[in-house]
Number of protein chains: 2
Amino acid sequence: MAMRVGIIGAGPSGMAQLRAFESARQKGADIPDITCFEKQSDWGGQWNSSWRTGLDASGEAVHSSMYRHLWSNGPKECLEFADYTFDEHFGRPISSYPPREVLFDYISGRVAKSDVRKYVRFNTVARWVSYDEKAEEFTVVVEDLANQKTETHVFDKLVVSVGHFSFPNVPQFDGIDSFPGEVLHAHDFRGAERFAGKDLLLIGSSYSAEDIGMQAHKMGARSVTFSYRSAPMGFDWPETAVERPLVTRFEGRTAHFSDGTTGEFDAVILCTGYLHKYPFLPEELSLKSRNVLYPGNLYKGVAWQDNANLFYLGAQDQYFTFNMFDAQAWFARDVMLGRIELPAEADRAADIQQWLDRQAALPDHDSEADFQTDYVRELISLTDYPEFDLDSVCSLFKQWMRDKEEDILGYRDNIHRSVMTGTMAARHHTRWLNAMDDSLQRYLNGPGQDIDTGNLAVLAQESQLSAK
Amino acid sequence: MAMRVGIIGAGPSGMAQLRAFESARQKGADIPDITCFEKQSDWGGQWNSSWRTGLDASGEAVHSSMYRHLWSNGPKECLEFADYTFDEHFGRPISSYPPREVLFDYISGRVAKSDVRKYVRFNTVARWVSYDEKAEEFTVVVEDLANQKTETHVFDKLVVSVGHFSFPNVPQFDGIDSFPGEVLHAHDFRGAERFAGKDLLLIGSSYSAEDIGMQAHKMGARSVTFSYRSAPMGFDWPETAVERPLVTRFEGRTAHFSDGTTGEFDAVILCTGYLHKYPFLPEELSLKSRNVLYPGNLYKGVAWQDNANLFYLGAQDQYFTFNMFDAQAWFARDVMLGRIELPAEADRAADIQQWLDRQAALPDHDSEADFQTDYVRELISLTDYPEFDLDSVCSLFKQWMRDKEEDILGYRDNIHRSVMTGTMAARHHTRWLNAMDDSLQRYLNGPGQDIDTGNLAVLAQESQLSAK
């Protein structure tokens, strides 16, 4: 009987696992029987964005945390696939920070080219996994959501690729239950248009707070206040944005901060991060971690230390994304195919500990980028995933961080050179701050395109904003 | 070995099941080993309301659909416990339509008196149930959410009391993904203060739409538009409220209705009902139903036809609530204790069919009330649950429906006589439309209470509104 592999989640990392096997198959290898379960009706994970909040059409937790007008917050040159370049997909240079729809188009092209969609069971949610130590088998109970049918599947290997930016971490604040305005978590944020003219409070000091805050500024928020627990972000904010320490309590629409200041707000967005949550896994198979570059208990960040038949993809905090998922998937594939032999448990533990020790000593963001670069480099060296100039990608991460320090509203207008093809990015036709239409069509065709009346309104708005 | 009973959910119906057993125990009966699992940190189900939306602090689906300023939308005299009256709890007459906190205080008193909290495992979510036909046992895998521990429990009988107003039914509308304002389901509505001065669209024509619409009117919405699929509600709405047929599509903030009219809106609330969803149950144990007075496949609306060891409480649409849950729990208890012998499968099927046939022929709301009255009457006649004048309760339901027809904004100011004690309700000190503080303290102590500065603002607002 062929080896049976189950994959839970058809986002970028689950699809990477499918592509990894398909790549081996195309090179003549025998590959296992593979089934990938995806609770959504299409692949894409975070990139399969939705207007829905909270629960989806089947009553399952909404997966994606993305929103309208989300533009990449890192250079596309850092996430380019080594085996499918932006040049190949678009046939011409594009800018370095494209909007969501453009990036999704790119990764969709990669998936279409590899023809792996056929392995995915859509609208099928993993309900419960158990592991039989003796038989060395996973039993996975799934629900076919469209037909409300329960099915049981048995696998020799299981890959968990559900991501960890889907279950919001929502702390309690005294008095928040009677705050009269809107209160939501960043996970449920879908667009900032409705905050025009409003005073907005964002609790948190990481990517969500920064990006949603500047989205709101772009869409005309009257003021944006960030509240931090440990330290301010310290960017060179526009005049209407300010940072305060942590909220201690709410009283009506007034927030009290720990420095004794207060503010009145129309809405509160909790940018307080996400939970590692795997509701379909029993405790002994379930990763418990904060969002860090190297969660413990995963050999090479991938193989579950307590059960070498279980693999996690993309469980790390991420500088690298798509190409790191690829590197992980190629590694997991080669372990499953027996091309890579796992060292003994003690040796794996020592390897994990080495990475954890290095992680604990990381002094700054630059060294974090170095850390993950070295991690990806090691993974790639172990498989036939195409090598690329990782040091250049790492330099680009550092440049990107400096660019943000310099101009938080303008860094997306910078352009960078592809590490894969050497192609210099094209300068986008509209500055990010003035780009009010994030559609693929407008992105590609620009202000010179044939315009219909719908676009006229957008153009009017953009030129108005440009004139400011 | 004593019989083992598992109960999933500690809302009003789960607590009714615990009280039913406790009542038998106090009368000298041997009762089973009972464990009740509740994913929330306290009992109360819907009544354990929260400011959170979507997912709760543990990343589980938020259970309660209640909101600030929710006042009972039916007379309290219709939901009074036969064995614990409002007079006993409050020691004086109160009004017929109390706010959420007051009703929760009442049912909390009932629970405290019966001392059944000790049976409940809080912060514990049911993950997966399986049934062994041979052993006639349920295996229930639960997760202790606070400690992320997986536990396995085995039961002879299982009671599902998780309700069916928690998983929102959220249909798709063309263009809703680019509606620039807030879009939410009634399940995530927490208060209407933020809709003051706004144009609000509510899609739906049942209790949620009606009540949230009038809440928004009370809180100063500029306009309230209801959109119905089948028929308008037809109440005598205030001038700023209007009914339209179904939305066909959105274009920006404009909604197009099927009668060709359009409207511009600031926010959309989907009052489109709820799903019967039991994510922890395999297909063969899972009730599939719309929200109706008599779901199929449940003998006496309680005992699962395909497996007589499984019971559902409160799975019906509800005129009767608390006392119906009691009647169901007392019935389920007596079946489990062997005091009531279930008829043969075919006889049970015939009984179910009889109710389904009658349900299918119900011509109007009055006859629906009659139908559920007869249902509850039958249940009570089978157990030692204290009898009460069900016909008077039924008349009160009919009166309530007439009162709403007459005055949708004023019906809550009416008072009714208790069926249990004969006590006439007290007229509330403030008309519902002017009552801007729904706290227990203010409800009980009224405008004459000692007031602090917080209350002064409320009083000023109320007297301003009264003067209008």
Side-chain angles (χ1 to χ4, degrees), chain A residues 49-62 68 125 127-128 130 141 143-144 147-151 166-172 176-185 187-188 190-191 193-194 196 219 251-253 266-267 274-275 277 279-284 286 288 454 457, chain B residues 49-62 68 125 127-128 130 141 143-144 147-151 166-172 176-185 187-188 190-191 193-194 196 219 251-253 266-267 274-275 277 279-284 286 288 454 457:
Chain A
S49 71
S50 169
W51 60 275
R52 294 164 191 279
T53 57
L55 301 177
D56 70 15
S58 303
E60 301 297 315
V62 165
R68 286 191 301 274
V125 65
R127 283 279 179 245
W128 192 248
S130 53
V141 179
E143 184 181 336
D144 171 347
N147 304 300
Q148 292 178 270
K149 297 275 177 207
T150 308
E151 299 174 9
S166 279
F167 288 95
N169 173 53
V170 188
Q172 171 75 34
I176 199 167
D177 55 330
S178 51
F179 181 83
E182 197 180 347
V183 177
L184 71 162
H185 187 276
H187 175 59
D188 284 338
R190 291 292 176 267
E193 299 94 326
R194 66 178 180 267
M219 296 293 171
E251 215 177 310
R253 59 189 291 255
D266 297 301
Y274 292 88
L275 304 169
K277 189 176 170 84
F280 51 85
L281 288 181
E283 170 187 10
E284 66 273 14
S286 189
K288 290 179 185 66
Chain B
S49 70
S50 169
W51 60 273
R52 295 164 190 278
T53 57
L55 302 177
D56 70 16
S58 304
E60 301 297 315
V62 166
R68 288 191 299 273
V125 64
R127 283 281 179 241
W128 192 248
S130 53
V141 179
E143 184 182 337
D144 170 348
N147 305 299
Q148 290 177 271
K149 296 276 176 207
T150 308
E151 299 174 9
S166 279
F167 289 95
N169 174 52
V170 188
Q172 171 74 34
I176 198 168
D177 55 330
S178 50
F179 181 83
E182 196 179 350
V183 178
L184 70 163
H185 187 277
H187 174 59
D188 285 337
R190 292 292 176 267
E193 299 94 326
R194 67 178 180 264
M219 296 292 172
E251 215 177 310
R253 59 188 292 253
D266 297 299
Y274 293 87
L275 305 169
K277 187 176 172 85
F280 50 87
L281 288 180
E283 171 188 10
E284 65 273 16
S286 189
K288 290 180 185 66

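So you know, we letter chains A, B, ... as the sequences are listed, proteins then strands, and number each from 1. These numbers come from the heavy atoms of this one structure, side chains and all, not from hydrogens, waters or symmetry mates.
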Ranked by heavy-atom pairs below 4.5 Å to chain B, first place among Val141(A), Asp266(A), Asn169(A), Val183(A) goes to Val141(A)

Under 4.5 Å to a heavy atom of chain A? For Lys277(B) that would be side chain

Of Lys149(A), Glu143(A), Glu151(A), Glu60(A), the largest count of non-hydrogen pairs under 4.5 angstrom with chain B goes to Lys149(A)

When the 4.5 angstrom heavy-atom criterion is applied to Glu251(A) and chain B, the contacting part is neither

Answer key: most heavy-atom pairs under 4.5 Å with chain A among Gly54(B), Ala61(B), Pro279(B), Gly181(B) is Pro279(B)

CG (Leu184(B)) and CZ (Arg190(A)) are apart, to the nearest 0.5 Å, by 12.5 Å

In short, Arg68(A) meets Asp177(B) closest at the heavy-atom pair NH1-O, 2.9 Å

Ranking Met219(B), Glu193(B), Arg127(B) by heavy-atom pairs under 4.5 Å to chain A gives rank one to Arg127(B)

If one checks every heavy atom of Phe179(B) against chain A at 4.5 Å, the contacting part turns out to be backbone

(request) Kindly say whether the aromatic ring centers of Tyr274(B) and His185(B) come within a distance under 6.0 Å. (result) yes

Side-chain heavy atoms of Trp128(B) within contact of Pro282(B), under 4.5 Å
yes

Residue set satisfying salt bridge (charged side-chain N to carboxylate O under 4.0 Å, His left out) with Lys288(B), at least two apart, ordered chain then number -> none

So, the part of Arg52(B) with a heavy atom under 4.5 Å from chain A: the answer is side chain

From the list Leu281(B), Thr53(B), Leu55(B), Asp56(B), the residue making the most non-hydrogen contacts under 4.5 Å with chain A is Leu55(B)

Most heavy-atom pairs under 4.5 Å with chain B, out of Ser58(A), Ala57(A), Ser166(A), Ser286(A), belong to Ser58(A)

| Any donor-acceptor pair under 3.5 Å linking the side chain of Glu283(B) with the backbone of Thr150(A)? | yes

So, do Phe167(B) and His187(B) sit near enough that their side-chain heavy atoms are less than 4.5 Å apart? no

Glu284(B) meets the salt bridge (charged side-chain N to carboxylate O under 4.0 Å, His left out) criterion, sequence neighbours left out, with none

Most contact-rich option vs chain A, by heavy-atom pairs under 4.5 angstrom, among Asp188(B), Val170(B), Leu275(B), is Val170(B)

